[in-house]
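Whatever order the structure lists ligands and atoms in, that order sets their numbers, starting from 1. Hydrogens, waters and symmetry mates play no part in the numbers below; they use all other heavy atoms, side chains included.
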Amino acid sequence: MKILIINGPNLNLLGKREPEIYGTQTFEDYFQLLKGTYSQLELQYFQSNIEGELIDKLHEVGFDYEGIILNAGAYTHTSVGIGDAIKGIETPVVEVHISNVHAREEFRHKSFIAPNAKGVIFGFGLKSYNLAIESFL
Ligand code: DQA
């Protein structure tokens, strides 16, 4: 089963960025652990800070992979384009956030991903990604 994790803007800084919210582990390190835990899956990882590159990646894998796990970062709250891309592809998308976005600023309560997603998981730290993977098993 092919599953792609897509991380959006600023998530390349995990480990350094606001550690009180996002923790001290890099995503690259965490991804190695995920690959070990779910060795039966073909897990892949893509990160970009550029909205159009995220949309291109959704188009590229969205008719082929069995699942996409998307943390679109701040674009979650602003991007009609990413929302439309999810509507346009066949692969189910699970929206993920590390932090509990509903316990934070009001602008983080709005998601352009959620209405088009299979489900949403947020607030469990990096474990949110494990829970999203589990949803495809
Ligand atoms: C985030 C939450 C977003 O509001 C924020 O812009 C991020 C990270 C999370 O994983 O908690 O960049 O998606």
Side-chain donor-acceptor pair present, Thr76, Glu95, cut-off under 3.5 Å: no

Under-4.0 Å heavy-atom contact with ligand 1, by part of [X] that carries it:
X: Phe122; answer: neither
X: Ile21; answer: neither
X: His97; answer: both

Test ring-ring contact (aromatic ring centres under 6.0 Å, His included) applied to Phe122 and His102, step by step: CA-CA 9 Å; Phe122 57 89; His102 284 273; 5.2 Å; yes

Which option wins on minimum heavy-atom distance to [atom]: [options]?
atom: atom 11 (O) of ligand 1; options: Ala74, Ser128, Ser111, Ser99; answer: Ser99
atom: atom 5 (C) of ligand 1; options: Arg108, His109, Lys110; answer: Arg108
atom: atom 4 (O) of ligand 1; options: His77, Glu105, Arg17; answer: His77

Side-chain heavy atoms of His97 within contact of Asn71, under 4.5 Å: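 Result yes, sub-4.5 Å side-chain heavy-atom pair found.
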
Heavy-atom closest contact (Glu53 atom, Ser48 atom, distance): OE1-OG, 2.7 Å

Which atom of Phe27 lies closest to which atom of Ile5, heavy atoms considered: CZ-CG2, 3.9 Å

Which residue and heavy atom of the protein sit nearest atom 8 (C) of ligand 1, plus the separation: Tyr22 OH, 3.4 Å

Over 12 foreign heavy atoms within 6.0 Å of NZ, Lys2: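 More than 12 within 6.0 Å, yes.
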
Min N/O separation Ile98 to ligand 1 under 3.5 Å: yes

N/O separation below 3.5 Å, Arg104 to ligand 1: no

Side chain to side chain contact (heavy atoms under 4.5 Å, CB included) between Arg104 and Ile21, worked out: CA-CA 10 Å; Arg104 300 180 65 193; Ile21 298 176; 3.6 Å; yes

Heavy atom of Asn71, distance to ligand 1 below 4.0 Å: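 Contact check Asn71 vs ligand 1: positive.
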
contact_flag Val101 ligand 1 heavy-atom lt 4.0 Å: yes

Chi angles and distances behind the ring-ring contact (aromatic ring centres under 6.0 Å, His included) call for Tyr129, Phe31: CA-CA 9 Å; Tyr129 291 90; Phe31 184 62; 9.5 Å; no

